[in-house]
Amino acid sequence: MEIVVCVKQVPDTTEIRFDSGTNTLIREGVPGIVNPFDKNAVEAALQLREKTGGKVTVVTMGPPQAKNALKECIAMGADEAVLVSDRALAGADALATSRALAAAIRALERYDLIICGRQAIDGDTAQVGPGIAECLGIPQVTCVQKIELDGTAARVERETEEGYDVVESGMPLLVTVGKGINVPRYPTVRDTMKANRKEIAVMAAAELQACVRKPGLGGSPVRVRKISAPPPRAQGEVIQAESAAEAVDALLRKLSDRKVI
Amino acid sequence: MALAVNTEKRGGECAAGAPERGAGEKTVGKDKAEYRGVLVYAEQDRGKLKNVGYELLSAGRKLADALGQELAALVIGEDVAGLAPALIARGADKVYVVEGPEYGAYSTDGYAIAMEDVVGACRPSAVLIGATNDGRDLAPRVSCRLGTGLVADCIELGVDEETGLVAWTRPAFGGRILATALCPEHRPQMGTVRPRIFQRPEADAARTGQVIRVASKVQSGDIRTRLLETVQVCAAGCNLEEADVIVSGGRGLGGAEAFALLQNLADTLGGTVGASRAVVDAGWIPAVHQVGQTGKTVGPKIYFACGISGAVQHLAGMSSSDIIIAINKDPDAPIFKVADYGIVGDALEILPLLTAKIGKMLNR
Ligand SMILES: Cc1cc2nc3c(=O)[nH]c(=O)nc-3n(C[C@H](O)[C@H](O)[C@H](O)COP(=O)(O)OP(=O)(O)OC[C@H]3O[C@@H](n4cnc5c(N)ncnc54)[C@H](O)[C@@H]3O)c2cc1C
Ligand SMILES: Nc1ncnc2c1ncn2[C@@H]1O[C@H](COP(=O)(O)O)[C@@H](O)[C@H]1O
């Protein structure tokens with residue numbers, strides 16, 4: 001069983017910087033963490049490997065320091081790591097990112113299952129997983145909370161608005177996972193130190209088989225025109241009252257004045 | 001300008017994704033101006049249209065009118081032609097129907113083929129899709145297949161004055177910034193839009209429109225996933241995305257038992273129970289109830305936050321509610337910064353009072 005996990009390094013800070021020239025976010029210099037859902041993805045892969053054997057490869061696309069995210073995944077227990085990194089990929093939108101990652105995955109010898117996080121907490125787009133699946137021409141199931149493999153088929157639970165669906169698929173298959181699927185393990189200090197010494201293969205855009213003729217910003221249909229702070233909600237009021245009962249009465253008066261109830 | 005629209009192949013191509021098969025960005029050599037009108041995907045579930053489809057018709061109508069173009073709707077399902085009049089009454093000039101037993105359950109593969117075909121047939125300038133679970137599964141698959149851009153989870157739509165393009169506005173970084181994006185060179189311009197952002201239009205039975213059936217091109221083997229079972233975790237009507245009233249509880253409620261108090265208030269108001277991540281993690285309530293960045297994004301008319309501190313990740317999922325009411329012991333809790341009305345006090349004491357008094361008001 002060859003499992004590929006796509007992990008993204010996302011900024012850990014509330015301090016958001018962006019380049020107003022190209023209207024893209026500057027990731028250099030902002031401390032990064034592994035996207036929380038992607039840790040769930042790695043954990044899911046490790047648990048499957050424990051059951052079925054095989055190999056877990058983590059792939060990321062990002063600037064050179066995204067290596068640190070891969071090392072964290074290696075410390076958790078991933079076997080191999082690939083960093084897709086190239087200046088030409090800067091400014092990639094979800095489509096360009098999907099294409100580049102799909103090309104990197106296609107360059108691997110084999111893949112049976114690809115696991116992505118449900119969404120990256122910086123962009124919040126939830127597009128890259130389905131995009132990779134489309135580029136590779138393989139089926140997808142998104143928002144998965146449980147994965148069982150039996151030989152050549154996968155049986156997964158997909159979150160729905162009111163519960164979940166049980167879905168069966170052949171492989172190769174791409175799934176995206178939510179945080180409900182597991183609790184990611186913490187690497188030991190020893191494994192972290194070992195992972196830090198690991199060499200990480202770097203793939204440049206030119207090496208990507210599918211060479212994304214126009215990688216990065218040039219191959220990205222979506223252009224950010226403007227970034228702004230969300231309008232603050234109007235300052236509300238805290239109801240002052242002598243007792244809980246009076247506070248409730250006051251609240252209900254206000255709600256019925258506004259014809260809410 | 002050449003367009004990167006790939007309508008010849010389905011799956012596995014993703015325009016520039018597969019040069020070993022000789023594909024670069026496929027160009028159809030057509031002018032962008034050939035893509036006209038707005039197409040709204042009217043999602044249905046077991047033969048019933050979801051509210052978000054109606055909401056998108058009102059957003060789509062405004063866009064179409066601003067562009068001086070037509071508004072079309074698309075419905076895909078097993079037996080759904082009967083839904084067309086409702087869509088026409090709410091603003092659609094045309095309704096595309098793709099029907100067949102193969103669409104009885106949602107599948108990415110089947111629905112993507114249907115949507116791709118309709119986009120190929122009607123060449124819309126913009127496609128609006130509800131940001132539901134299925135919508136967010138389908139839209140990126142289709143946009144990637146067409147080699148065009150997609151803006152996910154929008155909360156505002158407009159027309160960019162300078163270019164006449166659709167201006168898609170969406171939150172990012174857990175709601176800390178809003179980004180407005182355009183898709184200048186590729187068609188169609190695609191976006192998913194959050195439920196409950198737009199009002200449902202009134203039905204106008206006098207409106208007329210055209211119903212166009214598009215033959216299903218799905219063949220056996222195209223749908224590679226199989227739905228084995230649908231499991232409902234909570235009682236009917238726990239769809240938070242479509243709820244008018246949500247009564248949410250957090251760690252401040254002290255334990256799972258207290259959620260009965262939330263349920264009572266929710267029942268009285270015809271609402272749904274929500275929760276913070278802390279209580280989902282504690283196992284007090286199943287994850288389908290979680291509101292927030294890693295849970296559901298909701299926008300009810302009234303949101304009660306009881307014993308919830310108001311962490312940014314929670315706010316990211318509920319701050320577009322019309323009215324927020326917070327009940328918290330701690331006067332400095334951040335939830336009071338976003339609440340329209342706050343009560344400083346013990347939720348365990350206030351909830352039963354509130355339920356009883358509202359019950360009396362509503363005669364329940
Ligand atoms: C990557 C990431 C993603 C996350 N995603 C989400 C998400 O999607 N949704 C989410 O909710 N959280 C999310 N979180 C967690 C979030 O940061 C908070 O930890 C969580 O929202 C806190 O839940 P809470 O408000 O119930 O608990 P607490 O923060 O512990 O707050 C409890 C509140 O109850 C009050 N209280 C205590 N007793 C009473 C009483 N008797 N009556 C009234 N009030 C009382 C207290 O004053 C306090 O304000 C995420 C965190 C991370 C790092
Ligand atoms: N640059 C990237 N490198 C590796 N994986 C990524 C990257 N961007 C997105 N992903 C994967 O796609 C998922 C969804 O990301 P997004 O579509 O950006 O919300 C993430 O959880 C990752 O698994």
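Chain letters run A, B, ... following the sequence lines, proteins first and then strands; every chain starts at 1. Bear in mind that the values here come from a model prediction, so they are computed numbers and not experimental data.
- Closest of all the heavy-atom pairs between B/A181 and B/V151 is CB-CG2, 4.1 Å.
- Between A/Y164 and B/V233, some side-chain heavy-atom pair lies under the 4.5 Å cut-off.
- Only the side chain of A/L255 comes within less than 4.5 Å of a heavy atom in chain B; its backbone stays farther off.
- For a residue to count as touching a neighbouring chain, one of its non-hydrogen atoms must lie under 4.5 Å from one of that chain's; by this rule A/A245 touches chain B with backbone and side chain alike.
- Among B/D281, B/D109, B/D340, B/T192, the residue making the largest number of heavy-atom pairs under 4.5 Å with chain A is B/D340.
- Looking at B/V280, only its side chain comes within 4.5 Å of chain A, counting heavy atoms on both sides.
- For the 3.5 Å distance criterion, the side chains of B/T230 and A/D165 qualify, holding a donor opposite an acceptor.
- Chosen from B/A316, B/A326, B/A179, B/S107, the residue pairing most often with chain A at heavy-atom distances under 4.5 Å is B/A179.
- Of the listed residues (B/I155, B/D160, B/D153), the one with the most heavy-atom contacts under 4.5 Å to chain A is B/D160.
- Between the side chains of A/Q9 and A/N35, no donor-acceptor pair is found at a separation under 3.5 Å.
- The existence of a salt bridge linking A/E168 and B/R226 is confirmed by a sub-4.0 Å separation between a basic side-chain nitrogen and an acidic carboxylate oxygen.
- The side-chain heavy atoms of B/Y106 and B/D137, taken from C-beta on, include a pair separated by under 4.5 Å.
- Among the candidates A/Q240, A/Q235, A/E157, A/R158, the residue making the largest number of heavy-atom pairs closer than 4.5 Å to chain B is A/R158.
- Only the side chain of B/E162 comes within less than 4.5 Å of a heavy atom in chain A; its backbone stays farther off.
- Across all non-hydrogen atoms, the minimal contact from A/Y111 to A/R106 is CE2-CA, 4.3 Å.
- Note on B/A131, B/P331, B/A287, B/P184: by heavy-atom pairs under 4.5 Å with chain A, the leading option is B/P184.
- By the 4.5 Å heavy-atom criterion applied to side chains, A/E237 and B/Y341 are counted as neighbours.
- Of the two parts of A/Q119, only the side chain, counted from C-beta on, holds a non-hydrogen atom closer than 4.5 Å to a non-hydrogen atom of chain B.
- Contacts of A/E246 classified as salt bridge (charged side-chain N to carboxylate O under 4.0 Å, His left out), with partners at least two apart in sequence or in another chain: none.
- Proximity to chain A (any heavy atom under 4.5 Å) is restricted, for B/T108, to the side chain, taken from C-beta onward.
- Of all heavy-atom pairs spanning B/A347 and B/P352, the tightest one is O-CD, 4.2 Å.
- Counting only N and O atoms by type, the side chains of A/Q127 and A/S98 include no donor and acceptor under 3.5 Å apart.
- Contacts between A/L251 and chain B at a heavy-atom distance below 4.5 Å involve the side chain alone, from C-beta outward.
- Side-chain contact between A/I138 and A/Q140 is absent, with no heavy atoms from C-beta onward closer than 4.5 Å.
- Chosen from A/G236, A/S169, A/P36, A/P139, the residue pairing most often with chain B at heavy-atom distances under 4.5 Å is A/P139.
- Of all the listed residues (A/E161, A/R258, A/K254), the one sharing the greatest number of non-hydrogen pairs under 4.5 Å with chain B is A/E161.
- Using a 4.5 Å cut-off between heavy atoms, B/I302 touches chain A through its side chain atoms alone.
- Interface residue B/I324: backbone and side-chain heavy atoms are both found under 4.5 Å from chain A.
- Heavy-atom neighbours of chain B within the stretch residues 174-184 of chain A, taken at a separation under 4.5 angstrom, comprise A/K179.
- Pairs engaging residues 349-358 of chain B under the salt bridge (Lys or Arg N to Asp or Glu O under 4.0 Å) rule: A/D249-B/K357 [sequence neighbours left out].
- Annotation: maximal heavy-atom pairing with chain A below 4.5 Å, among B/Q290, B/Q189, B/H289, occurs at B/Q290.
- With sequence neighbours left out, B/R170 forms a salt bridge (charged side-chain N to carboxylate O under 4.0 Å, His left out) with no residue at all.
- In this structure, chain A has a heavy atom under 4.5 Å from the side chain of B/E241, while its backbone stays farther away.
- Put simply, of B/A139, B/G345, B/S321, the one with the most heavy-atom pairs under 4.5 Å next to chain A is B/S321.
- Residues B/L354 and B/L265 form a side-chain contact, since some pair of their non-hydrogen atoms from C-beta on lies under 4.5 Å apart.
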